A.B. asks: 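Below are the C-alpha cells for one structure; questions will follow.
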Amino acid sequence: MAEKSRTIRDVLVGAVDALKKSGIPTPRLDAEVLLSRLLGVGRTKLFVLSNTNLPDERVEDFQRLIDRRRRGEPAAYIVGSKEFWSLPFAVTPDVLIPRPETEILVGEVLRTCRTFSLDEPDIIEVGTGSGAVGVALARELPGARIVATDISPGALEVAERNASLNGVRERISFLCGDLFGPISEKFDIIVSNPPYIPEADFSRLPLGVRGFEPFVALVGGPEGTEFQKLLIKEAPGCLKERGWLLMEIGDGQEKQVEDLLGTEGVYCDVGFTADYAGLLRVVRARRKE
Ligand SMILES: C[S@@+](CC[C@H](N)C(=O)[O-])C[C@H]1O[C@@H](n2cnc3c(N)ncnc32)[C@H](O)[C@@H]1O
C-alpha cells in the first residue's frame, strides 16, 4: 500500500490487506467506498478502471484515508455521508451514523399511518440526529406535518442540511431542546430512536463507535432505558387521544420497556417488531382515550 504509481487493482489489494490486519470487519467494502469517493466515481467503475495507474498524489491521499480507517474512524465519517432509506445523508461527528435497523422504525411508522388511515399525520421525532428518520418520513408521507427535535445544536445543523439535500426542508420544523421541552402542541405520532446503551456497556463498544460517535447519542443512563422511561412518562401529554408512541429499543430491553409502559396505565395495544436478526427492535404503544 505504501508504493506509488500503481494500478487501482494493486492499490485496492494493498488497502484491503492493511485493513484486514487492523481488524476492520468490512475491509473490501471500506477500501472501495474510500477509493470511489476519493476518485469521484461509483464503486462499480473501480472494476472497469482496475488496470488504470493512479498518480502518486492519489495513492498518498488514499493511504491517508486508509490510515484513518485503520485507526477505527468509521468510513461514513471519513467520506462524510451514509445512505439510509435509499437516501443520501451527510454525517459528521455531531451525529450518530444512521443504522440499517432504524429503517424498521420508519417502516413501522408508515405501517401505522396506513393501517389507521392517518393521511395527514402530525409527527414529532425526538432526537433526530442526522435527521434520517424525520427526512425519510417526510419523503414517504407528503401530507405529514413533521417536527424534529434534538438536544444537540450541532446535530440539528446536520439534520437541516439533510432535509435540504433531500428536498423536504420546508416540510420539517427543527427545534433544539430537551425531550418535549421545545413543543406545546399535540401529535398523532411520537417517534424516537433514543440513546439506549447502558453506561457500563459504553467501554465495551467497538472503537469505531465509542471513540467517534457522540456519547449523548449512544448512552441512555445507568440502565440504558432512562431516556425511554422519560419518553414513556412524558409522551401522553404530547399525544392526541389514540395517538401512537414508537421507539427503537436495545437488545433485550423489551421486558423493561413493556413494564414501563404498563406502569403508566395510559397505554394500550403494545406491540414489538423484530429486526432481521430476530431481536425485538421497535416498540409501538397507543395512548388510551
Ligand atoms: C440514537 S441517536 C438517534 C439519531 C437519529 N434519530 C437516528 O436514528 O439515526 C439519539 C439522538 O437523541 C439526541 N438526544 C439525546 N438526549 C436528548 C434529549 N434529552 N432531548 C432530545 N434529544 C436528545 C442525541 O443528540 C441524538 O441525536
Side-chain angles (χ1 to χ4, degrees), residues 74 76-77 81-110 123-139 146-163 165-166 168 172-183 187 189-199 201-202 205 209-210 212-235 237-238 245-251 253 257 273 275 281-283:
Y77 287 149
S81 71
K82 178 76 183 174
E83 194 180 274
F84 179 85
W85 202 258
S86 301
L87 299 169
F89 285 88
V91 291
T92 74
D94 274 320
V95 301
L96 187 94
I97 299 164
R99 306 293 203 267
E101 57 268 28
T102 302
E103 294 182 343
I104 296 167
L105 183 64
V106 173
E108 283 305 295
V109 173
L110 297 180
I123 298 178
I124 179 168
E125 187 201 0
V126 181
T128 193
S130 64
V133 173
V135 167
L137 291 174
R139 295 276 303 207
I146 298 179
V147 175
T149 73
D150 206 288
I151 201 160
S152 156
L156 279 174
E157 267 179 41
V158 178
E160 290 192 41
R161 190 142 50 96
N162 282 323
L165 180 66
N166 287 291
V168 291
I172 307 178
S173 308
F174 291 96
L175 301 171
C176 193
D178 187 6
L179 289 173
F180 299 105
I183 57 133
F187 295 86
I189 291 182
I190 295 171
V191 58
S192 184
N193 171 19
Y196 53 66
I197 309 275
E199 243 163 50
D201 289 356
F202 179 74
L205 292 173
V209 179
R210 86 182 125 81
F212 295 90
E213 298 200 83
F215 184 85
V216 69
L218 296 168
V219 174
E223 299 276 314
T225 47
E226 282 75 2
F227 192 111
Q228 290 150 335
K229 191 174 182 172
L230 288 169
L231 275 179
I232 288 168
K233 205 169 189 47
E234 294 182 21
C238 304
L245 169 64
L246 291 103
M247 291 186 301
E248 186 166 317
I249 63 169
D251 298 359
Q253 288 178 338
V257 168
T273 306
D275 62 18
R281 186 57 69 189
V282 171
V283 62

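Numbering of ligands and ligand atoms starts at 1, following listing order. Not measured: the values here are computed from a predicted model. Throughout, residue positions are numbered sequentially from 1 according to the sequence presented.
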A.B. asks: Show me which atoms of ligand 1 lie under 4.0 Å from any heavy atom of Gly177.
C.D. replies: 20 (N), 21 (C)

A.B. asks: Taking atom CG of Leu205 and atom CD1 of Ile197, what is their separation to the nearest 0.5 Å?
C.D. replies: 5.0 Å

A.B. asks: Measure the distance from atom 17 (C) of ligand 1 to every protein heavy atom, then report the residue, atom name and distance (to 0.1 Å) of the closest one.
C.D. replies: Phe227 CE1, 3.2 Å

A.B. asks: Using side chain to side chain contact (heavy atoms under 4.5 Å, CB included), reason through Val283 and Gln253 one step at a time and then give a plain yes or no.
C.D. replies: CA-CA 10 Å; Val283 62; Gln253 288 178 338; over 6 Å; no

A.B. asks: Rounded to the nearest 0.5 Å, what's the gap from CG on Asn193 to CG on Leu246? Could you check?
C.D. replies: 12.0 Å

A.B. asks: How far is atom 20 (N) of ligand 1 from its nearest protein heavy atom, and which residue and atom name does that atom have?
C.D. replies: Leu179 N, 2.9 Å

A.B. asks: Quick one: which ligand 1 atoms are inside 4.0 Å of a heavy atom on Thr102?
C.D. replies: 8 (O)

A.B. asks: Using a strict cut-off of 4.0 Å, indicate which atoms of ligand 1 neighbour a heavy atom of Glu125.
C.D. replies: 6 (N)

A.B. asks: List for me each residue that meets salt bridge (charged side-chain N to carboxylate O under 4.0 Å, His left out) alongside Arg99, sequence neighbours excluded, and say none if there are none.
C.D. replies: Glu213

A.B. asks: Nearest 0.5 Å, what's the CG-CD1 distance between Leu137 and Ile189?
C.D. replies: 8.0 Å

A.B. asks: Could you list which atoms of ligand 1 come closer than 4.0 Å to a heavy atom of Ile151?
C.D. replies: 14 (N), 15 (C), 16 (N), 17 (C), 18 (C), 19 (N), 20 (N), 21 (C), 22 (N), 23 (C)

A.B. asks: Any side-chain donor-acceptor pair under 3.5 Å between Glu248 and Tyr196?
C.D. replies: yes

A.B. asks: Hey, does Val158 have a side-chain heavy atom less than 4.5 Å from the side chain of Val91?
C.D. replies: no

A.B. asks: Give me the residue, atom name and distance of the protein heavy atom closest to atom 5 (C) of ligand 1.
C.D. replies: Thr128 O, 3.3 Å

A.B. asks: Give the residue and atom name of whichever protein heavy atom lies nearest to atom 1 (C) of ligand 1, and the separation in Å to one decimal.
C.D. replies: Ala217 O, 3.0 Å

A.B. asks: Identify the closest protein heavy atom to atom 15 (C) of ligand 1: which residue and atom is it, and at what distance?
C.D. replies: Val216 O, 3.3 Å

A.B. asks: Considering heavy atoms of the protein only, find what lies nearest to atom 24 (C) of ligand 1 and give residue, atom and distance to 0.1 Å.
C.D. replies: Asp150 OD1, 3.5 Å

A.B. asks: Out of Gly127, Pro182, Ala159, Pro98, whose heavy atom is nearest to atom 6 (N) of ligand 1?
C.D. replies: Gly127

A.B. asks: Does the side chain to side chain contact (heavy atoms under 4.5 Å, CB included) test come out yes or no for Phe227 and Leu179, once each step is laid out?
C.D. replies: CA-CA 9 Å; Phe227 192 111; Leu179 289 173; 3.5 Å; yes

A.B. asks: At a 4.0 Å threshold, what atoms of ligand 1 neighbour a non-hydrogen atom of Pro194?
C.D. replies: 1 (C)

A.B. asks: Could you find the nearest protein heavy atom to atom 8 (O) of ligand 1 and give me its residue, atom name and distance?
C.D. replies: Asn193 ND2, 2.8 Å

A.B. asks: Between Asn166 and Val168 (side chain of the first, backbone of the second, donor and acceptor by atom type, cut-off under 3.5 Å), is there such a pair?
C.D. replies: no

A.B. asks: What are the atoms of ligand 1, with element, lying closer than 4.0 Å to any heavy atom of Asp178?
C.D. replies: 18 (C), 19 (N), 20 (N)

